[in-house]
Amino acid sequence: MNNIGIFPRGGELPEMFAEYFSGKAYLNMLTEKGVSIGNVTFEPGCRNNWHIHHKGGQILLVTYGSGWYQAEGEKAVKLHAGDVVNITPEVKHWHGAAKDSVFVHLAVEVPAEGAYNEWLEPVSDEEFNNLV
């Protein structure tokens, strides 16, 4: 799994983020100058908790595998390499790998004054296992 996708995988998530993921994920920060861009690799079945990007939003650029994105109140959307997800500020959502696939995306933090992430509850196993 070290060389999946375009960019190197990176190390396991730092503790400050790992607590907000169900399963194992890896992070390679590509840049934090101007725009923060991280290459995030999810092992099969790994997903992050529900969360909100306040003020700035986020863009996901899928580079490998298949996974899921879901905004609160909407059906989950299956993602594949080449897909782009524009997450507007203040939208509660989650994203992660499909049960049977590694999933890699670039996470682009949209800059905004005072932008921050609010981490919320995990996506339940029942909720996740019912995705098709």
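All values below come from the heavy atoms of this structure, side chains included, with hydrogens, waters and symmetry mates left out.
Of the candidates Y64, F42, Y26, F103 forms a ring pair (Phe, Tyr, Trp, His ring centres under 6.0 Å) with just one, namely F42.
The structure places CG of L30 at 5.0 Å from CZ of F7, a figure rounded to the nearest 0.5 Å. Distance check, rounded to the nearest 0.5 Å: CD1 of I87 to CD1 of I52 gives 12.0 Å. Note that CG of L106 and CD of Q58 are 10.5 Å apart. Values are rounded to the nearest 0.5 Å. For the atom pair L61 CG and D83 CG, the distance stands at 10.5 Å (nearest 0.5 Å).
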Candidate pair V104 and V40, rule side-chain contact (heavy atoms from CB on, under 4.5 Å), full reasoning | CA-CA 6 Å; V104 184; V40 185; over 6 Å; no
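Across all their heavy atoms, G38 and L27 have their closest contact at CA-CD1, 4.1 Å. Taking both residues in full, the closest heavy atoms of P44 and K99 are given as CB-O, 3.4 Å, listed atom of the first, atom of the second, then distance. S22 and P122 get closest at one heavy-atom pair: OG-CB, 4.3 Å. Scanning all heavy atoms of the two residues, the minimum distance from V91 to A71 falls at CG1-CB, 3.8 Å. Contact record, A97 with G45: CB-N, 3.8 Å, taken as the closest heavy-atom pair. When all heavy atoms of P89 and G56 are compared, the pair lying nearest together is CG-C, 3.8 Å.
Aromatic ring centroids of Y69 and H93 lie under 6.0 Å apart.
Formation of a donor-acceptor pair under 3.5 Å by the S101 side chain with backbone atoms of S66 is found in this model. Within the 3.5 Å criterion, the main-chain N or O of N48 finds no donor-acceptor partner in the side chain of H95. Proximity of a side-chain donor or acceptor of N28 to a complementary backbone N or O of P8 within less than 3.5 Å is detected. With hydrogens and angles ignored, the 3.5 Å screen pairs no side-chain donor or acceptor of N130 with any backbone N or O of E127. A donor-acceptor pair under 3.5 Å links the side-chain atoms of N49 to the main chain of L120, judged by distance alone. At distances below 3.5 Å, at least one donor-acceptor pair connects side-chain atoms of Q70 with backbone N or O atoms of E74.
Under 3.5 Å, the side chains of H53 and N117 contain a donor-acceptor pair of N or O atoms. Between the side chains of E118 and H51, no donor-acceptor pair is found at a separation under 3.5 Å.
V84 places a side-chain heavy atom less than 4.5 Å from the side chain of I59.
Around atom CD of E19, more than 12 heavy atoms belonging to other residues, nucleotides or ligands sit under 6.0 Å away.
Under the 4.0 Å criterion applied to side-chain N and carboxylate O atoms, K92 and E121 are assigned as salt-bridge partners. For E113 and K55, the salt-bridge test fails: no basic side-chain N is under 4.0 Å from an acidic carboxylate O.
A continuous path of Ile, Leu, Val, Met, Phe, Trp and Tyr side chains, each step under 4.5 Å between heavy atoms, connects M29 with Y20, placing both in one hydrophobic cluster. W119 is connected to L13 through a chain of hydrophobic side-chain contacts under 4.5 Å among Ile, Leu, Val, Met, Phe, Trp and Tyr, so both are in one cluster. The hydrophobic cluster containing F21 does not contain W50, counting ILVMFWY residues as joined when their side-chain heavy atoms lie under 4.5 angstrom apart, directly or transitively. L79 and L131 end up in different hydrophobic clusters when Ile, Leu, Val, Met, Phe, Trp and Tyr side chains are linked at under 4.5 Å. By the rule that hydrophobic residues join a cluster once side-chain heavy atoms approach within less than 4.5 Å of another member, V108 and I6 end up as members of one cluster.
Both the sub-6.0 Å distance and the 45° axial angle are satisfied by R47 relative to the ring of F128.
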